[in-house]
**Q** 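This structure is in structure tokens; I'll ask about it shortly.
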2 protein chains.
Amino acid sequence: MGGPRFEPVRTVRAYERIVEQVEEAIESGTLCPGQRLPSERDLMGQFSVSRSTVREALRVLQARGLVRSRPGDPHGAEVQPFTPTELRKSMTMLARVDGLSLGELVQFRMVLDSSANLLAARLRTDEQLAEMDTAIAAMRAAVEVGYDEFSTADVAFHDTVAQASGNKLIQICTEVVRSIVLGLIADKIAAAPDRVALMRQSIRHHEEVLAAVRAGDGPLAARLSRRTMYDYYVGYVPTSERPALRALLE
Amino acid sequence: MGGPRFEPVRTVRAYERIVEQVEEAIESGTLCPGQRLPSERDLMGQFSVSRSTVREALRVLQARGLVRSRPGDPHGAEVQPFTPTELRKSMTMLARVDGLSLGELVQFRMVLDSSANLLAARLRTDEQLAEMDTAIAAMRAAVEVGYDEFSTADVAFHDTVAQASGNKLIQICTEVVRSIVLGLIADKIAAAPDRVALMRQSIRHHEEVLAAVRAGDGPLAARLSRRTMYDYYVGYVPTSERPALRALLE
DNA sequence: GATAGTGCACTGGTCCGACCAGTAGGCTGC
DNA sequence: GCAGCCTACTGGTCGGACCAGTGCACTATC
């Protein structure tokens with residue numbers, strides 16, 4: 001006792017050090033999207049490691065969506081612009097492995113969408129309002145055409161709202177969670193017997209939401225959007241999870 | 001025209017096929033957390049590839065947080081339980097690279113926290129109410145001790161609320177976004193001259209929120225929690241971003 | 001017989017050298 | 001000036017090798 005207290009040393013793999021250095025360069029802006037990394041054979045010289053080690057580091061960076069490499073490309077791996085691809089992947093994994101229920105996902109969409117509407121009601125531009133008009137018109141036109149077209153227009157509407165909220169995190173999470181939800185129940189929706197009636201009802205609801213956004217009534221838009229989403233998805237959510245959804249309807 | 005329409009073939013790397021197979025096994029439950037993968041030398045036999053390829057696949061799986069390997073472990077790589085570590089990593093990357101502003105992050109926390117309170121007001125158990133009581137008491141006791149202790153108690157309160165919401169996605173996102181926000185401004189908070197006053201005010205606000213949750217008044221709890229977070233963080237948010245935050249205060 | 005100590009078989013981490021298919025850009029021939 | 005080939009290089013994969021760790025069985029000891 002009283003001697004110097006030594007701390008356990010953590011052995012750090014060589015490839016991890018490489019990953020760290022490259023990540024740091026990207027975060028700090030030294031490496032920008034579009035720029036190229038040196039070739040693997042150059043990197044093994046710069047880092048003084050073997051090519052296997054360089055490649056393992058590149059695999060990790062690629063798995064994180066930071067770089068992309070193509071066989072035969074004489075310019076080396078390309079630094080990628082950030083995309084929510086990895087975010088979606090981890091969230092999808094979470095949904096499947098950790099057992100996220102459809103109810104939780106829909107509930108989260110209600111939270112995101114209503115918040116987006118709340119903000120959009122105050123911050124939207126005229127162009128965005130016009131875009132929402134266009135999206136609803138497309139939904140109307142798509143009812144007779146098919147569910148895919150309707151869904152595309154519906155997605156466009158919600159994306160515009162999310163964009164109008166001015167919050168990138170809301171936009172990205174909206175996109176990610178929606179794609180998971182749609183992936184889970186796309187087949188059921190397409191096969192629903194009351195599909196057309198659901199679409200028509202959804203259009204009416206979207207019109208009401210848009211009217212509230214246009215009028216600048218955020219709380220109303222938020223409340224209506226929650227109701228819209230609830231009515232549209234509740235049929236696919238197990239009965240036991242519905243009370244939790246209704247808790248968001250005030 | 002009229003002939004068979006061929007689709008472009010995507011060349012799939014060998015290591016990607018391995019990653020896919022292992023991921024599929026984990027998602028389907030064939031491989032459960034705690035189970036072990038065969039050793040790399042076994043895997044190269046099972047997949048009929050070289051060890052380098054097996055290792056690159058394992059690096060990707062490890063980067064995604066699905067497995068973990070230790071040098072010398074005679075049992076092979078271990079399948080990991082899902083943790084939001086990767087989610088946090090991608091979101092942190094997003095925040096840094098894609099330029100998420102502090103305002104957006106705080107705004108998102110307001111959205112998450114108010115929704116959690118809204119749900120918690122209806123779904124909370126008595127045990128969770130008691131936990132929140134304990135957390136606030138700890139906050140009170142920590143004012144004189146130091147900011148770290150206060151922050152820990154504060155985090156505990158919000159975590160309990162998120163848990164009481166019954167939505168895992170809200171819990172995880174809350175945790176992730178909070179750690180990013182705190183990482184961005186922890187030093188500023190600790191150095192704020194009116195730190196103690198802010199803490200006392202925050203405690204009062206938390207008590208009001210808890211009272212609303214206890215009374216089952218979701219909308220009130222949600223509104224108060226937004227106000228609480230706004231008042232606590234607004235001083236660190238650039239003036240230009242404050243109107244967007246205020247848009248959430250109704 | 002229980003236990004502490006030792007050795008071994010095996011692990012993952014790293015290195016090396018090699019081959020292949022694919023790409024881009026320069027070069028050649030027209 | 002342009003089309004087409006050639007080549008030097010790329011990333012993807014392979015096989016073999018060595019090292020430092022780890023866990024377990026075996027052994028010697030009490």
Side-chain angles (χ1 to χ4, degrees), chain A residues 6-23 25-26 31 33-80 85, chain B residues 6-23 25-26 31 33-80 85:
Chain A
F6 297 114
E7 297 191 353
V9 289
R10 195 173 56 99
T11 72
V12 176
R13 321 272 127 85
Y15 73 87
E16 283 181 341
R17 306 294 299 267
I18 300 180
V19 169
E20 282 173 17
Q21 287 195 46
V22 177
E23 268 187 342
I26 294 180
L31 281 173
Q35 279 192 311
R36 302 303 189 115
L37 257 48
S39 76
E40 295 178 358
R41 289 169 177 86
D42 274 355
L43 288 174
M44 56 187 279
Q46 294 190 31
F47 289 111
S48 294
V49 295
S50 75
R51 201 172 148 222
S52 325
T53 306
V54 169
R55 282 181 60 75
E56 293 192 19
L58 288 179
R59 283 288 85 76
V60 174
L61 291 168
Q62 184 164 339
R64 296 203 179 137
L66 297 178
V67 305
R68 198 179 51 122
S69 46
R70 241 174 357 128
D73 188 339
H75 298 107
E78 182 180 355
V79 178
Q80 294 293 103
T85 308
Chain B
F6 296 114
E7 295 188 356
V9 290
R10 195 173 54 99
T11 73
V12 177
R13 319 271 128 83
Y15 73 88
E16 283 182 339
R17 305 295 299 268
I18 300 180
V19 170
E20 282 173 16
Q21 286 195 48
V22 177
E23 268 186 341
I26 294 180
L31 282 172
Q35 280 191 310
R36 303 302 190 116
L37 256 47
S39 76
E40 294 178 357
R41 290 169 176 85
D42 272 356
L43 287 174
M44 57 185 280
Q46 293 190 32
F47 289 111
S48 295
V49 296
S50 75
R51 201 173 146 220
S52 325
T53 306
V54 168
R55 283 182 59 76
E56 293 192 20
L58 288 179
R59 282 289 83 76
V60 174
L61 290 168
Q62 185 164 337
R64 297 204 179 136
L66 297 178
V67 305
R68 198 178 52 119
S69 46
R70 246 176 350 132
D73 188 339
H75 299 106
E78 182 179 356
V79 178
Q80 294 293 104
T85 308

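A, B, ... follow the sequence lines: proteins, then strands. Residue 1 opens every chain.
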**Q** Measure from CG on A/Leu43 to C1' on D/dG11 and round the result to the nearest Å.
**A** 12 Å
**Q** How close or far is atom P of D/dA20 from atom CZ of A/Arg13, stated in whole angstroms?
**A** 15 Å
**Q** Can you check whether B/Leu37 reaches B/Val79 side chain to side chain, under 4.5 Å on heavy atoms?
**A** yes
**Q** Rounding to an integer number of Å, can you tell me how far B/Arg59 CZ sits from D/dT13 P?
**A** 16 Å
**Q** If only atom types and distance count, is the side chain of B/Arg36 paired as donor or acceptor with the main-chain N or O of B/Gly76 below 3.5 Å?
**A** yes
**Q** Take the protein atom CG of A/Asp73 and the nucleotide atom P of D/dA8, then report the distance between them rounded to whole Å.
**A** 19 Å
**Q** So, is A/His75 near the phosphate of C/dG25, with a side-chain N or O under 4.0 Å from OP1 or OP2?
**A** yes
**Q** Round to a whole Å and report the spacing from CD of A/Glu78 to C1' of D/dG11.
**A** 15 Å
**Q** OP1, OP2 of C/dG22 versus side-chain N and O of A/Arg70: anything below 4.0 Å?
**A** no
**Q** Between atom CE in A/Met44 and atom C1' in C/dG17, what is the gap in whole Å?
**A** 10 Å
**Q** When the nearest nucleotide of DNA chain C is assigned to A/Ser48 and to A/Pro71 on a heavy-atom basis, which residue is associated with the more 5' position?
**A** A/Ser48
**Q** Going by modelled atom types, is there a donor-acceptor pair between the base of D/dG12 and the side chain of A/Arg51 at under 3.5 Å?
**A** yes
**Q** Suppose we call a contact any N or O donor and acceptor under 3.5 Å apart; does that hold for the side chain of B/Arg41 and the base of C/dG12?
**A** yes
**Q** Considering just the side-chain nitrogens and oxygens of B/Ser52, establish if one lies under 4.0 Å of OP1 or OP2 belonging to D/dG15.
**A** no
**Q** Please round to the nearest 0.5 Å and tell me the distance separating atom CG of A/Leu58 and atom CD1 of A/Ile18.
**A** 8.0 Å
**Q** Can you find a pair of side-chain heavy atoms, one from A/Glu40 and one from A/Met44, that are under 4.5 Å apart?
**A** no
**Q** Whole angstrom is fine here: how far is it from CZ in B/Arg68 over to C1' in C/dG12?
**A** 13 Å
**Q** Using a cut-off of strictly less than 4.0 Å, decide whether A/Ser69 has a side-chain nitrogen or oxygen near OP1 or OP2 of D/dT10.
**A** no
**Q** Heavy-atom distance under 4.5 Å between the side chains of B/Glu23 and B/Arg64, does that happen here?
**A** yes
**Q** Between C/dT14, D/dT13, C/dA24, spot the one nearest the side chain of A/Tyr15, thanks.
**A** C/dT14
**Q** Could you state the CD-P distance from B/Glu40 to C/dC10, rounded to the nearest angstrom?
**A** 16 Å
**Q** So does B/Ser39 get a side-chain nitrogen or oxygen closer than 4.0 Å to the phosphate oxygens (OP1/OP2) of C/dT11?
**A** yes
**Q** Return whichever of A/Leu58 or B/Val49 has its heavy-atom-nearest nucleotide of DNA chain D closer to the 5' end.
**A** A/Leu58
